[in-house]
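Okay, structure first, notes after.
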Amino acid sequence: MSRLIRWLALTFTLSLIVIGMTSANDQINSVSQEDAAAVPKFDFAAAAAEYEIVSGSDRLICEPFQAELLKWSNPLRSTPAGTVFLWHHKGVPQAACCMFAIRIPAVTGDYFVNHEFVSLSTGLIEATSGGAMAWQTKQPGIAWQDMEGPSVPKSRSGRLTEMRNAASQFTGTVGKKREELRMLRQPVYRYPETMDRDGAIFVFAQTTDPEILLLLEVDPNAIDSTWKFAAARMTSLACALRHGDKEVFSAVWSNTGKDDSHIYRTLQHVPWKAVEDK
């Protein structure tokens, strides 16, 4: 009889534990759903439209790409919403901006928004907003490097396949612990079909948060057509990109949100607006 009583007591205790865990999970899910529903619809597109960007000594006007390159979130960094925008000149990328919202409940619980710029230009970049200088580089943002190996198909679809294969040969890391990043197989930008060159931008991300941008480009009509690549940071954390066993790009941690050359710049606590419901 004593064994039966002990067995019944143990069964009852385990049942209470299971019920408690289920209740706790339900509460967590409920809070998560409430937090998700409470996240504002940040009007990043309107904020991006306020910037005017010029490139090079000729001050070429950069046009905004009329689409949001990537919408993302990163719960590991208390970032519920982010969007990447691009400016180009005749299809060639010149600058990118990642706008994102951060909320730290343990501190204030309020949202604040940062605008994170990076130069993708071989020239100098100036960005103004409302007539005021917002960002000005002191040196080119990228340096192209030749890539041996990939073929250059004549068809546009074939080149996209080759670019994906080439991008998959790179690996990226971020932070002091050199956390491995995930390459997004779908490029966030592809050169227009009307251009005499072809190219694309691939993202190496933490969750879906872009940390490194990989640019690929080729002139398929050249006699000795060869793929080129370049990389740019999209994070204030230290990051690195490797091609096979060789490190081909790295950036140190930037506690001010900008490096010495200002090719990467973060504008912090930028005033923001929510999308108005119609």
Name all residues meeting the side-chain contact (heavy atoms from CB on, under 4.5 Å) criterion together with [X]; count only those two or more places apart in sequence or in a different chain, and write none if there are none.
X: Thr161; answer: Asn165
X: Pro187; answer: Leu160, Arg164, Ala200, Phe202
X: Ala45; answer: Asp43, Glu68, Phe85
X: Ala67; answer: Phe65

**Request:** Decide yes or no on side-chain contact (heavy atoms from CB on, under 4.5 Å) for Ser225 and Asp219, but give the supporting numbers first.
**Result:** CA-CA 6 Å; Ser225 56; Asp219 180 356; 5.6 Å; no
Considering all heavy atoms of both residues, which atom of [X] and which atom of [Y] are nearest to each other, and what is their separation?
X: Ile263; Y: Pro140; value: CG2-O, 3.6 Å
X: Leu237; Y: Trp253; value: CA-CD1, 3.7 Å
X: Val152; Y: Pro220; value: CG1-CA, 4.0 Å
X: His115; Y: Ala47; value: CE1-CB, 4.0 Å
X: Pro80; Y: Ala101; value: CD-O, 3.2 Å
X: Leu86; Y: Ala95; value: CD1-O, 3.3 Å

Return the set of residues passing ring pair (Phe, Tyr, Trp, His ring centres under 6.0 Å) with [X] (not counting sequence neighbours), or none when no residue passes.
X: His243; result: Phe170
X: Phe42; result: Phe44, Tyr111, Trp272
X: Trp135; result: Phe117

According to side chain to side chain donor-acceptor pair (under 3.5 Å), who are the partners of [X], at least two apart in sequence or on a separate chain?
X: Tyr189; result: none
X: Glu126; result: Arg59, Gln136
X: Asn74; result: Gln206, Asp209
X: Lys90; result: none

**Asked** Checking side-chain hydrogen bond (donor to acceptor under 3.5 Å, both in side chains) against Glu217, which of Tyr191, Trp227, Trp144 comes through?
**Response**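 For Glu217, the side-chain hydrogen bond (donor to acceptor under 3.5 Å, both in side chains) test succeeds with only one of Tyr191, Trp227, Trp144, which is Tyr191.
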**Request:** Please report the C-alpha distance between Thr79 and Trp72 in whole Å, then the side-chain angles of each, then the deciding distance to 0.1 Å, and finally whether the side-chain contact (heavy atoms from CB on, under 4.5 Å) criterion is met.
**Result:** CA-CA 9 Å; Thr79 309; Trp72 58 272; 3.6 Å; yes
Cluster question for you: counting only ILVMFWY and a side-chain heavy-atom cut-off of under 4.5 Å, with indirect links fine, are [X] and [Y] together?
X: Ile142; Y: Ile201; answer: yes
X: Val54; Y: Leu124; answer: no
X: Leu60; Y: Ile125; answer: no

Please examine the side chains of [Y] and [X], heavy atoms only from C-beta on, and report whether any two atoms are closer than 4.5 Å.
X: Gln268; Y: Phe112; result: no
X: Thr171; Y: Leu241; result: no
X: Pro153; Y: Arg159; result: yes
X: Val270; Y: Met99; result: no
X: Cys239; Y: Glu211; result: no
X: Leu120; Y: Gln94; result: no
X: Thr235; Y: Arg77; result: yes
X: Thr208; Y: Leu70; result: no

**Prompt:** When you look at Ser55 and Trp87, which way does the side-chain contact (heavy atoms from CB on, under 4.5 Å) test go after all the steps?
**Reply:** CA-CA 10 Å; Ser55 174; Trp87 287 261; over 6 Å; no
**Request:** Scan side-chain atoms only and decide if Ser119 and Thr137 contain a donor-acceptor pair under the 3.5 Å cut-off.
**Result:**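 On atom types as modelled, these side chains do not qualify, holding no pair under 3.5 Å.
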**Message:** Regarding Glu50 and Lys273, does a basic nitrogen lie under 4.0 Å from an acidic carboxylate oxygen?
**Reply:**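 The answer is no: the pair does not qualify as a salt bridge.
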**Request:** Any pair with a residue in residues 171-188 that passes salt bridge (Lys or Arg N to Asp or Glu O under 4.0 Å), sequence neighbours left out, goes on the list, sorted by first then second residue, please.
**Result:**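 Every salt bridge (Lys or Arg N to Asp or Glu O under 4.0 Å) pair that includes a residue of residues 171-188, provided the two are not neighbours, is Arg178-Glu247.
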Could you give the distance from [atom1] ([X]) to [atom2] ([Y]), rounded to the nearest 0.5 Å?
X: Cys97; Y: Glu116; atom1: SG; atom2: CD; result: 8.0 Å
X: Ile61; Y: Ile53; atom1: CD1; atom2: CD1; result: 12.0 Å
X: Arg190; Y: Leu216; atom1: CZ; atom2: CG; result: 10.5 Å
X: Asn114; Y: Ile102; atom1: CG; atom2: CD1; result: 5.0 Å
X: Thr83; Y: Phe100; atom1: OG1; atom2: CZ; result: 11.5 Å
X: His88; Y: Met195; atom1: NE2; atom2: CE; result: 9.5 Å

**Message:** Using only atom types and a distance under 3.5 Å, with no angle test, would you say the side chain of Arg265 pairs donor to acceptor with the backbone of Ala134?
**Reply:**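 Side chain of Arg265 to backbone of Ala134: a pair is present.
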